[in-house]
Protein chains: 2
Amino acid sequence: MNNVQEESLRDQKKFRRRLQILEVARGIIASKGLRSLKVRDVAEAVGCSVGSVYNEFGDFDGVILTVNRETVRALTVRLESVPGEDPVRQLYGLAATYLDFFAEHANLLRSLFEHRMEDDRPYPDDILQMVMGAFALMHPPLVRLLPDADDVKIALLSRTLFSAVHGIISLGLEERMVAVPPQMLRQQVEQFLDAHLAGLGILPLQ
Amino acid sequence: MNNVQEESLRDQKKFRRRLQILEVARGIIASKGLRSLKVRDVAEAVGCSVGSVYNEFGDFDGVILTVNRETVRALTVRLESVPGEDPVRQLYGLAATYLDFFAEHANLLRSLFEHRMEDDRPYPDDILQMVMGAFALMHPPLVRLLPDADDVKIALLSRTLFSAVHGIISLGLEERMVAVPPQMLRQQVEQFLDAHLAGLGILPLQ
DNA sequence: TTATGAAATGAACAATGTTCAAGAAGAATC
DNA sequence: GATTCTTCTTGAACATTGTTCATTTCATAA
């Protein structure tokens, strides 16, 4: 027995198909919304039977949740790439990056936030943790900007601030609701941060 | 022909049933979530056939949308009942009232914000208008507090601020996401307003 | 009372998630 | 390489649920 990961032909095919299913599912959600995602469409596009989808993911929620997991992972990567030299600039960068990501992948993010599980099964904890982790990315710059504040309070503030930005962006991009032009939305988010950081006693960008 | 509204026996029964259907549907959404709402369950609980539901509402979306319409109407009534003598107090009152209403009717509000139409039919415009109207209720107090500001800017600010509060509350009440204790959430919203109004140059409550 | 037309009915249909017995295919053993 | 074993794949059948519509029911009008 080799301690290197055995890559049997069967495993390879299985893995390749798994990726195909996810790719197709993500494409459908992104382009036509979560409600338009159907098992049979996915199976046909991938070229396998519906049974194989179930075999790989257990149930349909499994496919959706895996796509959601990758969405929040990609979001986190993007947010973590925001430069962190200047904490104020970092806060603005996080908000702007979230806006860009949301605008690019609106339906994927809606799937992440709006999907309800069948029956009353709990939402997978690892996804919740990842979302919380992303929302906590405002924590480090806030710590630097408010060195005297209680750490627990800053954790709360970080979540509050990110939730507020999320509300502004998600409703602003809800074309059916508001239809704020993207450029105006960007400005709106910036002005929001201007006022809020000022209120926290944080000096704006020069 | 009497110009008084004819109330034929047929119309009475029709109207009574319409109310019953809505009552049952709202109850199911409120207690078990939109995903648990089924035509047959509603029909059985009301004591009529599924055909009657369709006869009255056209399709199932019609039932949901009518419930949503009443939800936003009730929300508006509650928000309009917030005292308006002191504009600062009014802003805090609007946020606190929204929090209370959301906490009491979480599933109904989620139905309002998360329901996607079948196919790509547009969301009814009157509901969107009512939501926008509710979110504009911060406008009058903000005008009083910022007498020198451009009215269009205040309209934007009102929507931004309410959207932010919505984000904080809707994510905060998403037990699966965060599970913020209600009392802490109330405090969170207040502190958020404290900071933001301060940033806008508005003096806090004495 | 009878005729009329609108409303109610619910069986049948359609779309879609889910299961599972049978078969196919790779892996293991000889 | 043949055989056996294990696992995966298949897709027909089933279950659930939204939707339709020919038929029946029933309040109203004549």
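Here is the naming used below: chain letters follow the sequence lines, and residue numbers restart at 1 for every chain.
- Each of B:E118 and B:G51 lies near DNA chain C, and the nucleotide nearest B:G51 is the one positioned closer to the 5' end.
- Straight-line distance from the CZ atom of A:F57 to the C1' atom of C:dT19: 18 Å, rounded to whole Å.
- Taking B:E70 as the reference, B:R26 meet the salt bridge (charged side-chain N to carboxylate O under 4.0 Å, His left out) condition, with sequence neighbours excluded.
- Listed by first and then second residue, the salt bridge (charged side-chain N to carboxylate O under 4.0 Å, His left out) pairs involving residues 160-170 of chain A amount to none (not counting sequence neighbours).
- There is a side-chain donor-acceptor pair under 3.5 Å between A:D194 and A:Y92.
- Here the straight-line distance linking atom CD1 of A:I21 with atom OG of A:S52 works out to 7.0 Å at 0.5 Å rounding.
- In this entry the distance linking CG of A:D59 with P of D:dC14 reads 22 Å, nearest Å.
- Taking atom CD of A:E56 as the reference point, atom C1' of D:dC8 lies 10 Å away to the nearest angstrom.
- Annotation: salt bridge (charged side-chain N to carboxylate O under 4.0 Å, His left out) contacts involving residues 92-104 of chain B, sequence neighbours excluded, comprise B:R78-B:E104, B:D100-B:R186.
- At a threshold of 4.0 angstrom between heavy atoms, the contacts of B:R17 are confined to the sugar-phosphate backbone, with no base atom among them.
- The stretch residues 40-49 of chain B comes close to DNA chain C through B:R40, B:C48, B:S49, each having a heavy atom under 4.0 Å from the strand.
- Every residue was checked against the side chain to side chain donor-acceptor pair (under 3.5 Å) condition with B:N55, not counting sequence neighbours, and none meets it.
- Protein atom CE of A:M117 is 15 Å distant from nucleotide atom P of C:dG17, rounded to whole Å.
- Close to D:dG18, at under 4.0 Å from its OP1 or OP2, lies no side-chain N or O of B:K38.
- Remark: A:E118 pairs with B:R35 by the salt bridge (charged side-chain N to carboxylate O under 4.0 Å, His left out) rule, at least two apart or across chains.
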For nucleotides 22-24 of chain C, which of its nitrogen or oxygen atoms have a protein nitrogen or oxygen under 3.5 Å away, and what is each distance?
none

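- In terms of the side chain to side chain donor-acceptor pair (under 3.5 Å) criterion, residue partners of A:E56 (sequence neighbours excluded) are, by chain and number, A:K14, A:R18.
- Per the geometry, CG belonging to B:D11 stands 14 Å off C1' belonging to C:dG5, to the nearest Å.
- Between B:L34 atom CG and D:dT17 atom P there is a gap of 14 Å when expressed in whole angstrom units.
- Every residue meeting the ring pair (Phe, Tyr, Trp, His ring centres under 6.0 Å) condition with B:H105, not counting sequence neighbours, appears here in chain and number order: B:F101.
- Every residue two or more places apart in sequence or in another chain was checked for a salt bridge (charged side-chain N to carboxylate O under 4.0 Å, His left out) with B:D151, and none qualifies.
- Every residue meeting the side chain to side chain donor-acceptor pair (under 3.5 Å) condition with A:D126, not counting sequence neighbours, appears here in chain and number order: A:R69.
- OP1 or OP2 of D:dT9 has at least one side-chain nitrogen or oxygen of A:N55 nearer than 4.0 Å.
- When side chains are defined from C-beta on, A:V131 counts as touching A:F113, because their heavy atoms get closer than 4.5 Å.
- Taking the side chain of A:S52 as heavy atoms from C-beta on, and the options D:dT9, D:dT19, C:dA7, the nearest nucleotide is D:dT9.
- Remark on the helix from C:dT1-D:dA30 to C:dC30-D:dG1: inter-end axis angle 10°, axes from five-pair C1' superpositions, rounded to 10°.
- The residue A:Y54 sits close to a base: some heavy atom pair falls under 4.0 Å.
- Rounded to whole Å, the distance from CD1 on B:I21 to P on C:dA7 is 14 Å.
- One interatomic measurement links the two molecules: NZ of A:K13 to C1' of D:dT9, which rounds to 9 Å at whole-angstrom precision.
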